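The structure under discussion appears below in the form of structure tokens.
Here is the naming used below: chain letters follow the sequence lines, and residue numbers restart at 1 for every chain. Predicted model, so just to flag it, every value in this text is computed and none were measured.
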Amino acid sequence: MGESTQKSIGEALPKAFDSQKQEVNIYAEWEKRKFFSPETVADLLKKQGREVKHSFTITLPPPNANDDLHLGHMAGYAYHDAFGRFYRMSGHPTLLLPGKDHAGIQTEAVFVRVLARQGIDKWEIGRDEFNKRCYEYSTNAAKIAQAQEKRIGLSADWDREFFTLDPRLTEVIYKTFEDMYADGLIYRGKYIINQCPHCRTALADIDTEHKEMRGIFAYILYPFADEADNDRAEEVLGHRGVMVATTRPETMLGDTAIAVHPEDERYRDFIGKKVIIPIAKREIPIITSEEIDMSTGTGALKVTPAHSPIDFEIRNKHNEENPDSPIDILNVIDETGKMTGDIPERFKGMGTIECSKALVQELDKAGLLEKIENIKHDVSVCERCDTPIEPIVSNQWFVDVKPLAKRALEELDKGSVKVIPKGQQNALKHFYENIIPWCISRQLWWGHRIPVWYSGGRDLHDWLNDHPGSTVEDYEKETGNKVQGTGKVLVSDEKPETDPDWQGKPEDLLLEPESDVFDTWFSSGQWPFSTLGGPDGEDFKKYFPTQYMIHARDILFWWSARMIMFSLYRTGQVPFNTVLLTGLIFGTDGKKMSKSRENGIPPKEILSKYGADALRLWYYTDALPGANAPLQEDKIKGNRHFVNKIWNASRFVLMNIYPDEVPAIADELDNLQSVWQGTSADSDADDRMAQQKRFHQNMMTHYKENRLHLVANGVREHFWGVFADKWIEDVKNEIQGKSIGDPQRVKVLSELLFLLMQNLKVMHPLVPFVTESVWREFAGAGIIADDRWLIVEDLEA
RNA sequence: GGGCGACUAGCUCAACUGGCUAGAGCACCUCGUUUACACCGAGGGGGUUAGGGGUUCGAGUCCCUUGUCGCCCACCA
């Protein structure tokens with residue numbers, strides 16, 4: 001050992017990696033140097049004389065700008081970031097494009113609650129004021145979310161960050177609507193939709209969930225209008241009328257038929273006959289439908305087309321086949337879930353359950369209630385607020401997604417998009433094959449207003465839709481309303497000057513704007529190209545199609561499925577080649593995290609205790625594609641130990657290097673670089689360089705094959721088990737007793753340092769903070785040039 | 001009802017196209033103040049890979065079957 005009094009380079013380093021401080025500092029340095037910009041990377045590559053490869057792009061999933069990010073979000077970004085960093089270091093100008101989602105219905109629901117806590121009702125302040133305040137609220141939430149994304153180390157290009165309501169995105173989205181409308185893919189129509197009485201809006205099927213709930217199954221007798229039929233029924237069926245069984249007695253007020261199976265012997269004599277709805281006292285016919293299951297209930301189904309999807313279908317099919325005896329649709333429940341329409345006065349305004357109870361009582365008194373069974377059945381509920389869905393018939397905007405899904409299927413079959421894990425690819429295929437028209441209008445305030453103006457008003461348009469073959473004159477005659485337009489739809493963001501088809505006086509023309517907004521997914525479904533300036537944008541040419549789409553598996557159908565369809569429609573290309581589904585982080589009890597269960601740990605707590613690197617490393621190993629990862633603090637702790645190991649092994653190397661030796665070591669590193677390049681991983685040589693090379697190439701394969709968990713495992717095994725436990729221990733012996741500057745000592749230490757640097761490179765995409773922190777010490781000591789940053793080092797060299 | 005997946009050490013999970021004695025972390029046991037790290041080192045115990053059958057020179061891995069669990073989709077009134 002040298003008797004020199006000089007201090008070694010590593011002497012001043014702290015004994016443990018201070019993740020709280022270091023991670024934040026290092027991030028700021030990267031940001032300052034704009035390493036997250038693909039243009040900066042391209043310039044650097046040129047300057048270094050390296051090949052500028054094809055761009056690597058991920059448009060990051062925009063989190064909902066209405067709440068803090070949870071652990072799942074943050075860990076998910078660790079995945080994006082690892083790939084981004086790997087490809088950046090491999091010579092690809094890399095763009096991780098960040099954003100925040102306005103999240104229509106969810107944010108509106110959240111913000112309504114925020115207002116309610118202040119004693120404010122949204123209807124009081126009105127649409128404009130609501131949107132103004134909601135915008136502020138979202139902007140603030142977005143800021144907090146961005147800070148969290150930075151904290152996990154996400155190397156995204158913040159200069160390109162988008163909010164989904166950004167006018168630049170809106171322009172792209174409106175153009176899509178316009179094109180689709182012109183192509184006949186978008187239409188307005190009267191259909192049965194899912195109404196959330198609480199959110200007071202229509203929902204797409206996919207926005208609902210099924211929940212098992214307790215319910216009743218009531219057997220109700222509908223007497224025949226004709227006493228002769230009642231006599232016959234008593235003989236055949238055992239009661240004077242037709243017995244129906246229903247879970248929702250209140251909908252009987254909206255019944256317009258009874259349906260039986262055409263081959264059902266029991267009812268053969270009664271097909272075409274009329275029964276009287278008890279209490280409502282309306283006559284309805286008995287019709288047939290193949291859809292009826294003879295073994296359910298009594299085999300006779302009361303048909304309420306306005307409030308049951310299957311009834312709606314039965315009615316449509318019946319009307320198609322029997323145009324001379326059509327069945328009506330009778331709306332008896334309004335959009336807030338209250339009884340309405342052509343029903344006895346005493347039921348009006350009642351809630352559905354209240355009405356059901358009242359009806360059951362009256363039926364019982366009238367002797368028309370046979371029995372009530374208690375059952376459990378699946379009920380659709382609003383995904384956002386858990387309120388049971390009320391199916392109602394109303395006019396909404398739809399996208400005919402069938403042709404789009406067909407294109408998407410072709411691409412799936414061709415293999416231009418693959419989903420990892422594979423099983424989910426089949427699920428996506430299944431989704432496309434069974435896709436139904438997508439209801440895209442929402443009766444909300446928060447979102448993109450649908451860019452449509454109704455000439456003569458929306459009522460006129462919808463009336464004409466409901467009455468095919470009728471004219472505006474018929475409308476005037478039937479409703480007594482004055483006609484103030486052609487009933488046509490004008491697609492435009494701004495109010496159109498005029499309706500070119502309008503024959504009347506210009507001042508009589510009424511152009512009414514659509515008040516509905518788009519389903520959130522209509523805009524986020526265009527994310528990969530809208531954020532790149534649309535199909536004609538500058539960035540689009542450089543960065544589209546993107547490479548990866550990474551998100552949790554629970555939004556595959558909502559999001560990736562839509563992005564693929566929209567991209568094919570607007571750009572003719574698939575938006576990405578790989579959809580990688582990350583695992584969901586579950587609570588400490590192995591169940592889905594939720595605030596009420598208190599089974600989560602706030603991200604802040606994890607980060608301050610163990611640091612971002614440790615959290616990242618845990619996520620790679622435990623949250624495999626498609627799997628669930630129960631949160632285990634001990635495992636994160638274990639990974640924190642590994643992060644600290646990296647720090648201390650590096651510290652050991654630096655503690656053995658003295659300033660006087662630096663020039664010699666720097667020279668030696670250059671030599672080793674050429675040795676490294678000439679080292680074959682195939683050779684049987686078991687020296688350290690060859691072993692490191694083998695390891696390096698294995699890890700490169702894993703990265704490219706998206707097996708981050710194998711990289712994480714491999715790195716731990718190699719760095720801890722081989723580099724730290726063996727090589728460092730060996731080197732201790734090899735340099736023992738040699739004085740500072742001894743050529744043999746310099747040689748051995750240089751090799752150890754070089755191997756360390758190679759390890760840091762391989763590990764950096766996973767644990768960027770600790771690796772870059774060490775790298776900075778090399779630069780600070782003059783071992784490498786000061787402008788060398790690990791984040792842009794050449795991973796392949 | 002349809003689709004997808006899981007079942008491996010006490011716990012949470014690995015094992016890439018079937019191939020050395022099935023591996024990690026945490027937990028557990030024994031020992032240890034050595035030129036980094038006790039957020040450490042050396043060593044150790046612990047598995048009939050859910051059960052059964054099959055293909056193969058060889059199966060955690062492929063096929064069949066039984067069971068248990070989970071997720072997604074679906075209009076059983």
Side-chain angles (χ1 to χ4, degrees), chain A residues 1 8 10-11 13-17 192 205-206 209-210 215 217-218 244-248 251 259 291-304 308-314 375 377-378 380 391 421-431 433-434 436 553-554 556-557 583-584 586 588 590-592 610-611 614 617-618 621-624 626-656 698 701-702 705-707 709-710 712-714 716-717 720-721 724-725 728-729 731-733 735-737:
Chain A
M1 200 51 157
S8 82
E11 213 140 309
L13 295 177
K15 278 182 86 166
F17 179 61
I192 189 149
D205 280 17
I206 200 170
E209 278 174 1
H210 299 277
F217 205 35
V244 297
T246 179
T247 54
R248 304 196 52 195
T251 61
E291 299 289 315
I292 303 300
D293 178 1
M294 289 187 264
S295 62
T296 304
T298 61
L301 172 73
K302 56 188 271 315
V303 180
T304 323
S308 156
I310 183 171
D311 296 6
F312 185 74
E313 286 308 316
I314 288 173
I375 56 159
H377 62 149
D378 276 354
S380 292
K422 192 94 187 1
Q424 294 299 304
Q425 174 139 355
N426 297 333
L428 181 59
K429 221 175 138 176
H430 191 257
F431 172 78
E433 280 163 353
N434 298 291
I436 56 167
R553 66 156 197 276
D554 55 348
L556 178 63
F557 303 144
L584 294 170
F586 277 32
T588 42
K591 292 194 178 129
K592 219 168 176 171
Y610 309 111
L617 212 43
W618 165 72
T621 43
D622 261 27
L624 269 73
N628 299 329
L631 182 62
Q632 288 210 119
E633 205 174 331
D634 277 349
K635 295 193 91 167
I636 300 175
K637 195 165 145 195
N639 283 301
R640 162 70 203 173
H641 294 173
F642 179 54
V643 169
N644 196 50
K645 190 74 184 179
I646 296 173
W647 176 253
N648 270 299
S650 306
R651 192 161 75 94
F652 171 81
V653 176
L654 288 171
M655 281 176 85
N656 276 286
N698 278 339
T701 310
H702 288 325
E705 303 284 327
N706 312 314
R707 294 190 290 256
H709 64 291
L710 292 185
N713 283 336
R716 171 187 279 273
E717 199 181 317
W720 200 323
D725 289 346
I728 284 187
E729 293 307 316
V731 165
K732 279 180 189 172
N733 293 328
I735 62 172
Q736 196 170 21

- With A:Ile735 via side-chain contact (heavy atoms from CB on, under 4.5 Å) - residues at least two apart: A:Asn656, A:Val731, A:Arg745, A:Val748, A:Leu749
- Message: Using a 4.0 Å heavy-atom cut-off, does A:Ile292 contact any base of the nucleic acid, only the sugar-phosphate backbone, or nothing at all?
- Response: base
- Query: What distance, rounded to whole Å, do you find between the two P atoms, one in B:rG5 and one in B:rU65?
  - Reply: 15 Å
- Those residues at least two apart in sequence (or on a different chain) that pass side chain to side chain donor-acceptor pair (under 3.5 Å) with A:Thr296 are A:Asp293
- Query: Across the strands shown, which category fits A:Thr621 at heavy-atom distances under 4.0 angstrom: base, sugar-phosphate, nothing?
  - Reply: sugar-phosphate
- Message: Rounding to an integer number of angstrom, what distance separates B:rG60 and B:rG3 when you compare their P atoms?
- Response: 29 Å
- Message: Base contacts versus sugar-phosphate-only contacts with protein, heavy atoms under 4.0 Å: please encode nucleotides 16-23 of chain B as B, S and - from 5' to 3'.
- Response: B-------
- Task: Determine the interatomic distance between P on B:rA42 and the same-named atom on B:rA59; round to the nearest Å.
- Result: 35 Å
- Under 4.0 Å between any heavy atoms, over every strand shown, what does A:Arg716 touch: base, sugar-phosphate, or nothing? Just pick one. sugar-phosphate
- Contacts of A:Ile310 that satisfy side-chain contact (heavy atoms from CB on, under 4.5 Å) - sequence neighbours left out: A:Ser308, A:Ile314
- Message: Per the salt bridge (charged side-chain N to carboxylate O under 4.0 Å, His left out) rule, what does the pair list look like for residues 634-656 of chain A, sequence neighbours excluded?
- Response: A:Asp622-A:Lys635
- Task: Could you let me know what B:rG18 is paired to, Watson-Crick or G-U wobble, both distances under 3.5 Å, or none if it's on its own?
- Result: none
- Query: Using a cut-off of 4.0 Å on non-hydrogen atoms, how would the nucleic acid contact of A:Asn644 be classed: base, sugar-phosphate, or nothing?
  - Reply: base
- Answer with base, sugar-phosphate or nothing: what part of the nucleic acid does A:Glu729 contact at a heavy-atom distance below 4.0 Å? base
- Could you tell me whether A:Ala300 contacts a base, only the sugar-phosphate backbone, or nothing, with contacts defined as non-hydrogen atoms closer than 4.0 Å? nothing
- Query: Considering Watson-Crick and G-U wobble pairs with both distances under 3.5 Å, what does B:rG46 pair with?
  - Reply: none
- Message: At 4.0 Å (heavy atoms only), tell me whether A:Lys15 reaches a base, stays on the sugar-phosphate, or touches nothing.
- Response: sugar-phosphate
When you compare the protein's N or O atoms with those of nucleotides 6-12 of chain B, which come within less than 3.5 Å of each other, and at what distance?
{"residue": "B:rU12", "atom": "O4'", "partner": "A:Gln632", "partner atom": "OE1", "Å": "3.4"}
{"residue": "B:rU12", "atom": "O4'", "partner": "A:Gln632", "partner atom": "NE2", "Å": "3.2"}
{"residue": "B:rU12", "atom": "O2'", "partner": "A:Asp622", "partner atom": "OD2", "Å": "3.4"}
{"residue": "B:rU12", "atom": "O2", "partner": "A:Lys635", "partner atom": "NZ", "Å": "2.5"}

Which atom pairs link the protein and nucleotides 73-76 of chain B when you take only N or O atoms and keep those under 3.5 Å?
{"residue": "B:rA74", "atom": "N6", "partner": "A:Asp378", "partner atom": "OD2", "Å": "3.1"}
{"residue": "B:rC76", "atom": "O2", "partner": "A:Asp293", "partner atom": "OD2", "Å": "3.1"}
{"residue": "B:rC76", "atom": "O2", "partner": "A:Thr296", "partner atom": "OG1", "Å": "2.5"}
{"residue": "B:rC76", "atom": "N3", "partner": "A:Thr296", "partner atom": "OG1", "Å": "3.3"}

- Item | side-chain contact (heavy atoms from CB on, under 4.5 Å) against A:Glu729, all qualifying residues, sequence neighbours excluded | A:Lys732
- Message: Please report the distance, rounded to the nearest Å, between CD in A:Glu433 and C1' in B:rG2.
- Response: 13 Å
- Task: Please name all residues satisfying side chain to side chain donor-acceptor pair (under 3.5 Å) with A:Thr251, sequence neighbours left out, ordered by chain then number.
- Result: A:Lys302
- Can you tell me the pairing partner of B:rC71 across any strand shown, Watson-Crick or G-U wobble, with both distances under 3.5 angstrom? B:rG3
- Residues two or more places apart in sequence or in another chain: which of them pass ring pair (Phe, Tyr, Trp, His ring centres under 6.0 Å) with A:Phe557? A:Phe431
- With sequence neighbours left out, write down each residue that passes side-chain contact (heavy atoms from CB on, under 4.5 Å) with A:His377, or none if nothing qualifies. A:Thr247, A:Ile375, A:Val379
- Note on the structure: With sequence neighbours left out, the residues meeting ring pair (Phe, Tyr, Trp, His ring centres under 6.0 Å) with A:Phe652 are none
- What does A:Ala427 touch in the nucleic acid at a heavy-atom separation under 4.0 angstrom: a base, only the sugar-phosphate, or nothing? nothing
- Between B:rG23 and B:rU8, how far apart are the C1' atoms? Round to whole Å, please. 10 Å
- Query: Now, which nucleotide makes the Watson-Crick or G-U wobble pair with B:rA24, with each of the two distances under 3.5 Å?
  - Reply: B:rU12
